[in-house]
Amino acid sequence: MQNPLPSLMLIGCGKMGGALFSRWVENALPPSAVVDHHKEELTQKFSSTQHIFSASVKEIPDHFTPQMIILAVKPAKAMEALTSLPNRFKNSPVISILAGKTVAYLRAGLTPTTPIIRVMPNTPSLIGAGMSVAYAEANISDPIKAACAALFECAGEFAWVEHEDLMHAVTALSGSGPAYIFYLAELLLTIAKNYKLPQPLANRLVTQTLYGSSLLLKTSALTPEELRQQVTSPQGTTAAALSVLMQPSAWPETLERALQAACERSRELNQ
Ligand SMILES: NC(=O)C1=CN([C@@H]2O[C@H](COP(=O)(O)OP(=O)(O)OC[C@H]3O[C@@H](n4cnc5c(N)ncnc54)[C@H](O)[C@@H]3O)[C@@H](O)[C@H]2O)C=CC1
Ligand SMILES: O=C(O)[C@@H]1CCC=N1
């Protein structure tokens, strides 16, 4: 059986924080607090009486002490959010989902002993199909790591990395990755217009092809290369298309440059 979820204080309930929070609510989150400037919208959206919605950490009632704090503001707002934490919260374990911001950076806004874990989730978390990857320093206790895993397992798959530097590659691959897939869908839909396919049909073709291929990739024992070969008849239509896409300057170099740009940006975000 899955570990019970810890009570939380979620700071920042936007696209990513909000997606995670909705999963946690569905998975019996104990009474928790959500801090966001959009308090009114969030109170309506989640219409919950058991959670506290607040526009500022300072308005959280004295009787409420979370077991964990989840930091989900934009990276540029991290220090402002941490330094405005009242002292009574400063020893609670903090999970940061911020791109780029290292444990050392975050620690400067907390105390030398606050347990800090970094997690990189992605937006398919909203439907329980997310991929979250976490890094914790060696001194973080097992119960804190287990509580972190329980939270992100509610949103899909979860894995640990041993070295913080790997979080850049994780961010470039699975954190930003859904956008690459959505852009591929956008491009295919735009191109479909040239072939006079009715738009609703083109939507179905693109969506079901991406969905079916992802599901096959996830459930099949075959490698991506083997699955690709199963589609590709010698001298057939797929081979004709792949002879364009597999040119070094086409997908191989383009994707390599794209991931490199994401990694570089992740490093810059720590400044
Ligand atoms: N959107 C994505 O696909 C992913 C985002 N992330 C990370 O999640 C973080 C949030 O990103 P998004 O949800 O996309 O941004 P967002 O802009 O949708 O959400 C940020 C939220 O923080 C709130 N906020 C700003 N300052 C605050 C403060 N001082 N106290 C409380 N709330 C405050 C804003 O009102 C907003 O609702 C970023 O650091 C990003 O790197 C990580 C993985 C994926
Ligand atoms: O674009 C970003 O910076 C964030 C991190 C991963 C996905 N979105």
Side-chain angles (χ1 to χ4, degrees), residues 8-24 32-46 51-60 66 69-86 89-90 92 94-103 105-106 109-110 116-135 148 151-152 155-159 161 164 166-183 258-271:
L8 302 175
M9 181 161 74
L10 171 64
I11 305 179
C13 192
K15 293 180 285 293
M16 197 62 248
L20 291 167
F21 186 68
S22 64
R23 293 305 300 170
W24 296 331
S32 290
V34 176
V35 182
D36 196 294
H37 307 313
H38 302 116
K39 171 192 162 178
E40 307 302 334
E41 285 161 46
L42 294 168
T43 310
Q44 278 186 0
K45 180 175 170 190
F46 291 103
H51 303 299
I52 301 163
F53 293 89
S54 171
S56 145
V57 197
K58 296 193 174 62
E59 289 166 22
I60 301 287
I69 293 175
I70 310 284
L71 186 63
V73 298
K74 290 287 191 198
K77 301 274 183 186
M79 204 40 77
E80 177 191 319
L82 292 177
T83 51
S84 66
L85 272 180
F89 294 125
K90 289 235 174 180
S92 306
V94 171
I95 296 179
S96 163
I97 66 159
L98 278 53
K101 295 297 188 197
T102 59
V103 169
Y105 179 97
L106 299 165
L110 294 160
I116 301 172
I117 298 180
R118 284 182 62 190
V119 181
M120 179 48 54
N122 65 12
T123 55
S125 296
L126 183 63
I127 54 165
M131 180 71 234
S132 300
V133 179
Y135 165 75
C148 172
L151 282 168
F152 287 87
E157 294 206 11
F158 176 80
V161 287
E164 186 168 18
L166 292 176
M167 292 302 277
H168 298 298
V170 164
T171 304
L173 204 55
S174 58
S176 300
Y180 316 154
I181 305 299
F182 301 136
Y183 185 50
L259 264 73
Q260 210 174 351
C263 282
E264 276 168 24
R265 185 64 192 136
S266 174
R267 289 180 200 283
E268 285 168 9
L269 284 173
N270 196 39
Q271 286 149 21

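Ligands are counted one by one from 1 in listed order, and the atoms in each one are counted from 1 as well. What you see is a predicted model; the values in this text were computed from it and never measured.
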From atom 20 (C) of ligand 1, work out which of A19, A72, G17 has a heavy atom at the shortest distance.
A72
Does R118 reach the main-chain N or O of K101 with its side chain, forming a donor-acceptor pair under 3.5 Å?
yes
Using atom types as modelled and distance alone, determine if a side-chain donor or acceptor of S176 lies under 3.5 Å from a backbone N or O of A172.
no
Do me a favour and list the nearest non-hydrogen protein atom to atom 17 (O) of ligand 1 with residue, atom name and distance?
K74 CE, 3.4 Å
Salt-bridge criterion met for R267 and E264 (N-O under 4.0 Å)
no
Please list the nearest protein heavy atom to atom 27 (C) of ligand 1 with its residue and the distance rounded to 0.1 Å.
H37 NE2, 3.4 Å
Closest to atom 43 (C) of ligand 1 (judged by heavy-atom distance), picking from G175, A179, P121
P121
With a 4.5 Å cut-off on side-chain heavy atoms, are F21 and I70 touching?
no
So the atoms of ligand 1 within less than 4.0 Å of a heavy atom of V35 turn out to be 31 (C), 32 (N)
Give, for atom CG of L71 and atom CG of L10, the distance between the pair rounded to the nearest 0.5 Å.
9.0 Å
Mind checking the OG-NZ spacing from S125 to K15? Nearest 0.5 Å is all I need.
14.5 Å
Return the CZ to CG distance between R23 and L126, rounded to the nearest 0.5 Å.
8.0 Å
With a 4.5 Å heavy-atom cut-off, do F89 and I60 have their side chains touching?
yes
Donor-acceptor contact present, side-chain S174 to main-chain V170, <3.5 Å:
yes
For the residue pair F53 and F46, does the interplanar ring angle fall in the parallel (under 30°), tilted (30 to 60°) or perpendicular (over 60°) class?
parallel
Please walk me through it: do S84 and K58 pass side chain to side chain contact (heavy atoms under 4.5 Å, CB included)?
CA-CA 8 Å; S84 66; K58 296 193 174 62; 3.9 Å; yes
Kindly indicate whether atom 4 (C) of ligand 2 is approached by any protein heavy atom to under 4.0 angstrom.
no
With heavy-atom distances below 4.0 Å as the criterion, list the atoms of ligand 1 near I11.
30 (N), 31 (C)
Could you identify the single nearest non-hydrogen protein atom to atom 8 (N) of ligand 2 and state the distance to 0.1 Å?
G175 O, 4.6 Å
Heavy atom of the protein closest to atom 29 (N) of ligand 1 (residue, atom name, distance)
E80 OE2, 3.8 Å
Taking only heavy atoms of A99 into account, list the atoms of ligand 2 that are under 4.0 Å away from them.
5 (C)
For atom 33 (C) of ligand 1, state which one of L71, L82, V73 supplies the nearest heavy atom.
V73
Atom 3 (O) of ligand 1 has as its nearest protein heavy atom T123 CG2, 3.3 Å
Polar-atom distance check: M16 versus ligand 1, any N or O pair below 3.5 Å?
yes
Among all the protein's non-hydrogen atoms, which is closest to atom 1 (O) of ligand 2, and how far away is it?
S176 OG, 4.6 Å
Would you confirm whether T102, through its side chain, and Y105, through its main-chain N or O, come within 3.5 Å as a donor-acceptor pair?
yes
For atom 19 (O) of ligand 1, the closest protein heavy atom turns out to be G14 CA, 3.3 Å
Under 4.0 Å from a heavy atom of I97: give me the atoms of ligand 1 that qualify, with their elements.
6 (N), 7 (C), 8 (O), 42 (C)
Any atoms of ligand 1 less than 4.0 Å from a non-hydrogen atom of M120? List them with their elements.
42 (C), 43 (C)
Nearest non-hydrogen atom to atom 34 (C) of ligand 1 belongs to which of L126, T83, N122, D36?
D36
Among all protein non-hydrogen atoms, which one is nearest to atom 22 (O) of ligand 1, and what is the separation to 0.1 Å?
G12 CA, 3.4 Å
Classify the contact between A99 and ligand 1 as side chain, backbone, both or neither, using a heavy-atom distance cut-off of under 4.0 Å.
both
If you measure from each non-hydrogen atom of S56 to ligand 1, which part falls under 4.0 Å: side chain, backbone, both or neither?
neither
